[in-house]
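Structure record follows, encoded as structure tokens.
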Amino acid sequence: MAVFTLPNRAFRPRKALLVLGGGVALALAGAGLYAQIEGDRGIPPIASTGDFEISGIEVNATGDNAEAARAAGWREAQRKAWEQLWAKNGLGGGTAPALDAGTLDGMVSAIVVENEQIGPHRYIATLGVIFDRARTGGYLGMQGQVARSAPMLVIPVLYQGGVGSVFETRTPWQKAWAEFRTGESVIDYVRPTGSGADSLLLTEGQITRRSRNWWRMILDEFGAADVVIPIARLQREFPGGPVHGTFSARYGPDNRYLGSFEMTAVSEDKLPAMLNEAVKRIDGLYAAALAAGKLTPDATLVVQPQIDPKLVDEVLAKSGPVAAGPVAGVESAPVAAATTASQTQTFTVQFSTPDAVALDAGLAAVRAVAGVQGATVSSLAIGGMSVIRATYAGDLEALSAGLKAQGWKVTQGAGAIVIRK
């Protein structure tokens, strides 16, 4: 049971309590709210890129000294990782082509030391190898970009000891998701840190809610289009002994079921490795659901108010005819032309383009806004932020409103806007 202590500044002498009355009650309520979100909770997720990662490479190398043995072990790990990467992603099939050490050094961006033992002439270790996508993709024969899902908010729920939790405390399940490298996944995960108000908004009870308004507020807060709910249930036979885990993949505001599986860690110290493997398997379930067309944003989460055409006709009929034509003695045509010309401006539109599909969607959205006379890509960055220069007959506020009507979230600046779904 957690014991919360209020800050000393929340206490006042008894006489002051009698005088302040309701003000003190509010102060104590505020202190109690602060106590609910304070403390060490939340694990920031690692920054994931699109690089390829192969983990769990075991090496056993020797050398004239400790440094030479380690260098030989790392070169062996790079070679083994390249063979596994080819078997996993190589489009040519067969065995991996033989590459010299210099080429592999240029392709590898980092070596992750998972476990190592260093001796005077021997190096035994378990390593991970990260390959740079830009320099490795050509050797793998990969062409084009892989379409990814819409942004999906991750709510990792853990049940252990009869209690369900998300971000109330730091859990090994949350840690496994924070350390998961999402760059290779086709799912665009939005992973909250779990600190601050996250522990109040994202709770185990949230997954049972059905209110679309509440879900829309939560998703807008984190910039997501829908939600995925990976659930882990851990059961221990005895302290330090085997840990049995049941894992399930769910998604959407209706908490729909996709699939489940079971795993067992022989001891407590093997639990993190089991959870890391479980995250990868759940990611595979979500990827399969995306390929099957199941993991699409729920249409009920998008609120688009519809105006009855009959109501529009009634309002126009009551307002009466609109005066048209020039007023006698006034040259209005040149003035109108000058006004139209002065309203035509060029604005910059920035948006995230993880793949070519996102680029086409952003460009089509800008061109679909009424009043846009032209839209060209001035800066293309697949995997980053691309820039469109739009010629628009109107002001920036009107262009922003047109994009918002299509469901885009718009951030407006000086002569430029940033849009995202």
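Note that the coordinates shown come from a computational prediction; the quantities given were computed from them, not determined experimentally. In what follows, every heavy atom counts, from backbone to side chain, and hydrogens, waters and symmetry copies are set aside.
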Looking only at heavy atoms, what is the nearest atom pair of A375 and L363, with distance? O-CD1, 4.0 Å
Evaluate the side-chain proximity of Q350 to T348: yes if any heavy-atom separation is below 4.5 Å, no if none is. yes
Donor + acceptor pair across side chains of E116, Y123 (<3.5 Å): yes
Donor-acceptor contact present, side-chain T208 to main-chain G205, <3.5 Å: yes
The side-chain contact (heavy atoms from CB on, under 4.5 Å) partner of V349 among V377, V369, I419 is I419
Given side chains that start at C-beta, do those of I207 and V166 come closer than 4.5 Å, heavy atoms only? no
Please work out which of the three classes, parallel, tilted or perpendicular, describes the rings of Y392 and F347, given edges at 30° and 60°. tilted
Does W173 have its ring centroid less than 6.0 Å away from the ring centroid of F247? yes
Salt bridge (Lys or Arg N to Asp or Glu O under 4.0 Å) evaluation trace for D254 with R212: CA-CA 10 Å; D254 292 326; R212 294 315 194 252; 2.9 Å; yes
Please examine the side chains of Q345 and T391, heavy atoms only from C-beta on, and report whether any two atoms are closer than 4.5 Å. no
Between CZ on residue R367 and OG1 on residue T376, distance to nearest 0.5 Å: 8.0 Å
So does R209 have more than 12 non-hydrogen atoms from other groups sitting under 6.0 Å from CZ? yes
Salt-bridge contact R75-D105 (side-chain N to carboxylate O under 4.0 Å): no
How far does CD1 of I229 sit from CG of N255, to the nearest 0.5 angstrom? 4.5 Å
Given side chains that start at C-beta, do those of L202 and L153 come closer than 4.5 Å, heavy atoms only? yes
Given 3.5 Å as the limit, does a donor-acceptor pair link the side chain of T126 with the main chain of I57, or not? no
Roughly how far, to the nearest 0.5 Å, is the CG atom of L234 from the CG atom of L275? 6.0 Å
Should we count CD of E114 as having more than 12 external heavy atoms under 6.0 Å? yes
Run the side chain to side chain contact (heavy atoms under 4.5 Å, CB included) check on V266 and V243 step by step: do they pass? CA-CA 7 Å; V266 295; V243 182; over 6 Å; no
Pairwise side-chain contact, S386 with I388, heavy-atom cut-off 4.5 Å (strictly under): no
Working for side chain to side chain contact (heavy atoms under 4.5 Å, CB included), residues W215 and V227: CA-CA 9 Å; W215 272 112; V227 59; 3.9 Å; yes
Dump the intermediate steps for side-chain hydrogen bond (donor to acceptor under 3.5 Å, both in side chains) on T62 and H121, then the final yes or no. CA-CA 5 Å; T62 59; H121 303 283; over 6 Å; no
Determine the minimum heavy-atom distance between G73 and A61, stating which atoms define it. N-CB, 3.5 Å
Would you say L399 and V372 make side-chain contact, with heavy atoms under 4.5 Å? yes
Is it true that E262 and H244 share a donor-acceptor pair across their side chains at a distance under 3.5 Å? no
Roughly how far apart are K175 NZ and F180 CZ, rounded to 0.5 Å? 15.0 Å
The reported gap from CG in N60 to CD1 in I124 (rounded to nearest 0.5 angstrom) is 4.5 Å
Which is it for T171 and S165 under the side chain to side chain contact (heavy atoms under 4.5 Å, CB included) test, yes or no, and what are the steps along the way? CA-CA 8 Å; T171 66; S165 62; 3.7 Å; yes
Taking D226 for the side chain and D298 for the main chain, is one N or O donor matched with an acceptor at less than 3.5 Å? yes
Check: F167 and T193 side chains under 4.5 Å, non-hydrogen atoms: no
Assess whether atom NZ of K409 is packed by more than 12 heavy atoms of other residues, nucleotides or ligands within 6.0 Å. yes
Ignoring hydrogens and geometry, is there a side-chain-to-backbone donor-acceptor pair from W82 to P97 under 3.5 Å? yes
Atom pair CD1 (I187) and CD1 (I282), whose distance is rounded to the nearest 0.5 Å: 12.5 Å
Going through the checks in order, is the side chain to side chain contact (heavy atoms under 4.5 Å, CB included) test met by L127 and V113? CA-CA 5 Å; L127 305 174; V113 178; 4.0 Å; yes
Side chain of S400, backbone of L396: donor and acceptor closer than 3.5 Å? yes
Does NZ or CZ of R420 lie under 6.0 Å from the centre of the six-membered ring of F351, at an angle within 45° of the ring axis? no
Has R233 got its NZ or CZ under 6.0 Å from the middle of the six-membered ring of Y159, at an angle within 45 degrees of the ring axis? yes
Residues S149 and M152: closest non-hydrogen pair is OG-CG, 4.1 Å
So, R236 and Q160: side-chain donor and acceptor under 3.5 Å apart, yes or no? yes
Between A150 and A225 the two heavy atoms that sit nearest each other are CB-CB, 4.0 Å
Please tell me if the side chains of P230 and V154 come closer than 4.5 Å, counting only heavy atoms from C-beta onward. yes
So which atom in P192 and which in F222 form the shortest heavy-atom distance, rounded to 0.1 Å? CB-CE2, 3.8 Å
Salt-bridged, D100 to R79, with N to O below 4.0 Å? no
Please give me the minimum heavy-atom distance between A365 and L403, naming the atom from each residue. O-CD2, 3.8 Å
Residue among L219, I218, N213 satisfying side-chain contact (heavy atoms from CB on, under 4.5 Å) with R216: L219
Answer with yes or no whether the side chains of S185 and D283 bring together a donor and an acceptor at under 3.5 Å. yes
Salt-bridged, K80 to E76, with N to O below 4.0 Å? yes
Is a side-chain donor or acceptor of S109 paired with a backbone partner of I130 at a separation under 3.5 angstrom? yes
